[in-house]
There are 2 protein chains.
Amino acid sequence: MSDVPNETAQVERAMERLGDAAYREMKERIIRGVYKPGHKLTVRAVAQDLDVSTTPARDAINRLTNEGALVYAGPKTVVVPVLDAAALREITLTRLALEGLASEQAALHGTPEDVNKLRSLQALINVALEEKRYAEALWHNKEFHFLIYRLSGFPHLVSIIESLWLRIGPSLHNLYPEFAREKYGVRNHEVAMEALEERDGAGLRAAMENDIRDGYRRLKRANQERDEG
Amino acid sequence: MSDVPNETAQVERAMERLGDAAYREMKERIIRGVYKPGHKLTVRAVAQDLDVSTTPARDAINRLTNEGALVYAGPKTVVVPVLDAAALREITLTRLALEGLASEQAALHGTPEDVNKLRSLQALINVALEEKRYAEALWHNKEFHFLIYRLSGFPHLVSIIESLWLRIGPSLHNLYPEFAREKYGVRNHEVAMEALEERDGAGLRAAMENDIRDGYRRLKRANQERDEG
DNA sequence: TTCACAATTTTGTTGCAACAAAAATGGGGC
DNA sequence: GCCCCATTTTTGTTGCAACAAAATTGTGAA
């Protein structure tokens, strides 16, 4: 009694709702830093940006606001959130719990091919850092992390983690120069790859948690310096 | 007629968008078991149920689908999800990580008044169980947990946890008779209240994790029995 | 000049109609 | 009787216009 959606199942991604496309596009723009913290978003402006009508644009904004990627700054204004110290801490603790869990599970399913893919991504990160293309390094860094998390086999967990990245993403673009100083997360990533290779769940979790904590410290310091300066 | 914007500033939650109201109402219905697993939802039906037009109804459905509380069962059908073993496990592990974190943080901020409120809730749970009003017991159980989680001071974490409850909620209503057998979570709740009283973060976390694990086992067993029978 | 207030513009929300696609129905052929 | 295909109905998506509320601008008086 199967409803035979088997053939369309694979193709149905091609037929995407405009609202979904807008949502996805907005997410990418936020993470890529196109919309910076404090940026005010209006329904009609977004609609024009994405070349759709107000309905899908509103859909996307609503969903993003619902998951905290955008916040209300007033009765009629949604903005990309500027994180204060408390919010940053909350997100970091949540990330540690969730990305730690995902990493640990990932170690159970990782294959040598996965490790190779990670190596390629790490190479891209290194090159981007070398050439000071920080936005690109950030993007590949995201891919590195999520390649691991997806190995957990927990799709919904991954999407929750994604929503957390959406919230810190914009803030990261504020501290480009910082990244060069200490190569961003390179050492942690290497340890992570080794752990994955050895199917060492605890080790992988520790490496990823370290990476998160390093990023947190850097971000916190940058914010403090900004508030003082 | 009278605008008086100054006064409305604090009350502005009273002026709620129809879409938000629909979203909130749908959430409560899902958790309360009005919409059971497998229940198919149509935009127009929901609109009629909630007595609004299609736009807010669609808003609510979209947001709920986005956070996994509803799922696509076909090209044009969203339903309340029926959890399989894998999904149940994923949610439980995620809950352990998140609700554990929230509990630990809650222990830092809990006051004697909070403990008293918990006692009142527990009394309500006990009475409801005694009189076999299981839906009500379930509802108070939810309040018990979230009263604790909110003490963490991490609002976004709480809302993520809420979205997880939204996903398991419907399944709980399938095993009412089970609840009577062993009083649902009573012992764990007592330990939790003690731990909170003593500001014992690790102890509170352990009690809540135990509660989650107990529920998981019960749910898993019920599903197995259903699949076999 | 500055402040208050009214008019205008911008903006979010909502309902609705038009369209497309999927499901349900029913009728005709085998 | 059963199955296939055309027709009808149901349903989701989308764009848009009307409305309300907030922000902005402009104007006039002190």
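Just so it is clear: chains get the letters A, B, ... in the order the sequence lines come, proteins before strands, and each one is counted from 1.
Between B:Arg63 and B:Asp20 there is a salt bridge, since at least one side-chain N of the basic residue sits less than 4.0 Å from a carboxylate O of the acidic one. Salt-bridge annotation for B:Glu209 and B:Arg205: present, with a side-chain N of the basic residue lying under 4.0 Å from a carboxylate O of the acidic one. Taking the charged nitrogens against the carboxylate oxygens, B:Glu162 and B:Lys27 do have a contact shorter than 4.0 Å, which makes a salt bridge. Of the charged side-chain nitrogens involved, at least one lies within less than 4.0 Å of a carboxylate oxygen, so that B:Glu25 and B:Arg29 count as a salt-bridged pair.
A cation-pi contact, defined as under 6.0 Å to the ring centre and within 45° of the axis, links B:Lys142 to B:Phe146. Under the 6.0 Å distance and 45° angle rule, B:Arg133 does not count as a cation-pi partner of B:Trp139.
Remark on DNA chain C: of its neighbouring residues B:Ser53 and B:Lys40, the 5'-side contact belongs to B:Ser53, judged by nearest-heavy-atom nucleotide. Where A:Thr54 and A:Thr77 meet DNA chain D, the nucleotide closest to each residue was compared, and A:Thr54 sits on the side nearer the 5' end.
Rounded to 10 degrees, the angle between the two end axes of the helix from C:dT1-D:dA30 to C:dC30-D:dG1 is 0°, with five pairs used at each end.
Considering only side-chain atoms of A:Leu18, the nucleotide from D:dA18, D:dG12, D:dT14 that sits closest is D:dT14. For A:Lys76, the listed nucleotide lying nearest its side chain is C:dT11; candidates were D:dG12, D:dT14, C:dT11. Comparing D:dT11, D:dA23, C:dG15 by their nearest atom to the side chain of A:Pro75 picks out D:dA23.
Proximity of A:Arg213 to A:Arg217: side-chain heavy atoms (C-beta onward) are separated by under 4.5 Å at one or more points. Residues B:Pro37 and B:Leu83 form no side-chain contact, since every pair of their non-hydrogen atoms from C-beta on lies 4.5 Å or further apart.
Taking atom CZ of B:Arg44 as the reference point, atom P of C:dA21 lies 16 Å away to the nearest angstrom. If you measure from atom CG of B:Asp51 to atom P of C:dT14, you get 14 Å, rounded to the nearest angstrom. If you take CG of A:Leu50 and P of D:dT13, they are 18 Å apart, rounded to a whole angstrom.
Listed by residue number, A:Thr55, A:Pro56 are the residues of residues 55-70 of chain A with a heavy-atom contact under 4.0 Å to DNA chain D.
Partners of B:Tyr216 under the ring-ring contact (aromatic ring centres under 6.0 Å, His included) rule, at least two apart in sequence or in another chain, do not exist in this structure.
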